[in-house]
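Everything below concerns the one structure shown next.
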Amino acid sequence: WQISGPKGSYTSKNIIMDKFIVKGPSKLKGEIAISGSKNAALPILASTILFDKEVIIKNLPRVKDIDTMINLLKSLGSEIKFSKDKKIVKITKKNKHKIFASYSLVRTMRAGILVLGALVTKYQKSVTSLPGGCLIGARPVNYHLNALKKLGMKYEIKKGYIYANTKGKLEGAKIRFSKISVGATENTIIAACLANGITTLRNCAIEPEIVDLINFLKSGGAKIKFVGKRTLKIEGIKSLKSTSYSVMSDRIEAGTFCVAACLTGGNLKINNLYPKVIKTELTLLKKVGAKIKTTKKQIHIIGPKKIKNISNLVTKEYPDFPTDLQAQFMVLLCKAKGKSSITESIFENRFMHVAELRRLGAEIIIKKNKALILGNTSFKAAELMSSDLRASVALVLAAMVAKGSSIINRIYHLDRGYENIENKLRKVGVNIKRIS
């Protein structure tokens, strides 16, 4: 089989065989530009299904998940034209639209489910595969389905597909999410844009990527506003107008490079990001000893000579500490003086990187959803295996400060969410190369 990716096509053979060799220890120095946000671009791209007229999306990251979403949109009847550097995409509708989102396209990324709300509200029916993605937990779609059902969607699940339809247009409703869910919030916002009447969403996720989705939809004429910290009011409209929009920068990529600077005692300027979106993370890095200065769109971070421990770090919904930076911070705390702990409260299976960090010399004890990190680790090189997107980059960080040459296998996980990470790291002093 073959899928498209940021550097061309990927066959089953070279996905399995691509690996990184990282020779440490490294000390980062220089400047890194942050790419567009994968987690913002994916729902924005899915929501272009709502538009009949041309849409231009700028600042796209060149990562595999974006290519997968673009291919999904093509399969549904969207005409796609890229700029030369593939950072800008022009999306128009063909006369024939389709409502089938196949397993072959949806299986590799969680965000595939986001076309469900768009298709049902636009065309009143959809056949959408249950999604895939990283193996970090159950991440059930029932929150999506329950919310869309309240808007009038009927569905049944057969052979791994959601068969959904509605009699006429969806109808606005009052919905309260039983649990804060980023994906369910996005799917319901998209669906409510073209529903009849007013939809009120309570207990919403409020991640910056959701705000970016809202701003994009509003640029096309959608009527959406916050009427409380976690409450949204959406007034359905008949159609959306042509628009051009630039995707926000990737806060998780920025947080990852901030950790890298801190971990290596480096001196790094991180450009093209509003620092306020990672305020929590920067506060934590100051707590471990980093010196940080921020301007409007730059973070200047100098890592400490001695990393301080953090006694009880807990992953929570935004604006608290994000689960997508848990693995990276765990590597940092392995090098801290003294014991630290991280409690994972979002996903039940997100400590898969721990076994690989132990291979490098880390001492980490897992008790249910809590990791006790003993600290004072002197990482030594080893051959490693990536398990998911964020775990993969954590292994790269650990290898950067390990003594000797480490091999990191299955880096196709990294290609899903980090744009040219080896090139960016090489420019600031990391000895890293990709081999097939």
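- In terms of modelled atom types and a separation under 3.5 Å, the side chain of S181 and the main chain of Y143 share no donor-acceptor contact.
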For this session: List the steps and the verdict of side chain to side chain contact (heavy atoms under 4.5 Å, CB included) for K27 and V401.
Result: CA-CA 8 Å; K27 188 170 185 176; V401 290; over 6 Å; no

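- Taking the six-membered ring wherever Trp is involved, the centroid distance between the rings of Y103 and Y161 does not fall below 6.0 Å.
- For Y318 and R251, the side-chain atoms include no donor-acceptor pair closer than 3.5 Å.
- Side-chain N/O atoms of E344 and T315 include a donor and acceptor closer than 3.5 Å.
- Inspection of the D388 and H413 side chains reveals no N or O donor paired with an N or O acceptor under 3.5 Å.
- Looking at every heavy atom in both residues, I364 comes nearest to R358 through O-NH2, 2.7 Å.
- Under 3.5 Å, the side chains of E363 and T377 contain no donor-acceptor pair of N or O atoms.
- Side chain to side chain, D85 and S83 meet the donor-acceptor criterion of an N or O pair below 3.5 Å.
- Checked by atom type and distance alone, the side chain of N203 pairs as donor or acceptor with a backbone atom of F177 at under 3.5 Å.
- The pair K87-E419 meets the salt-bridge criterion, with a side-chain N (NZ, NE, NH1 or NH2) lying under 4.0 Å from an Asp/Glu carboxylate O.
- Note on K38 versus D250: no salt bridge recorded, every NZ/NE/NH1/NH2 to OD/OE distance being 4.0 Å or above.
- A donor atom on one side chain and an acceptor atom on the other are found under 3.5 Å apart for D18 and S436.
- Judged purely by atom type and a 3.5 angstrom limit, K64 uses its side chain to pair as donor or acceptor with the backbone of Y412.
- Salt bridge absent: D415 and R410 never bring a charged side-chain N and a carboxylate O closer than 4.0 Å.
- Using modelled atom types and a 3.5 Å distance limit, the side chains of Q328 and H353 yield no donor-acceptor pair.
- The closest side-chain heavy-atom distance from I91 to L45 is below 4.5 Å.
- Counting heavy atoms from C-beta outward, K339 and I373 have side chains that stay 4.5 Å or more apart.
- Remark: K424 is not positioned above the aromatic ring of F257, lacking an NZ or CZ atom under 6.0 angstrom from the ring centre and at most 45 degrees off the axis.
- Aromatic ring centroids of F51 and F216 lie under 6.0 Å apart.
- Checking Q298 against N271 by side-chain atom types alone, a donor-acceptor pair falls below 3.5 Å.
- The pair E422-R434 counts as a salt bridge, with a side-chain nitrogen and a carboxylate oxygen less than 4.0 angstrom apart.
- Every residue two or more places apart in sequence or in another chain that forms a salt bridge (charged side-chain N to carboxylate O under 4.0 Å, His left out) with K158 is listed here: E156.
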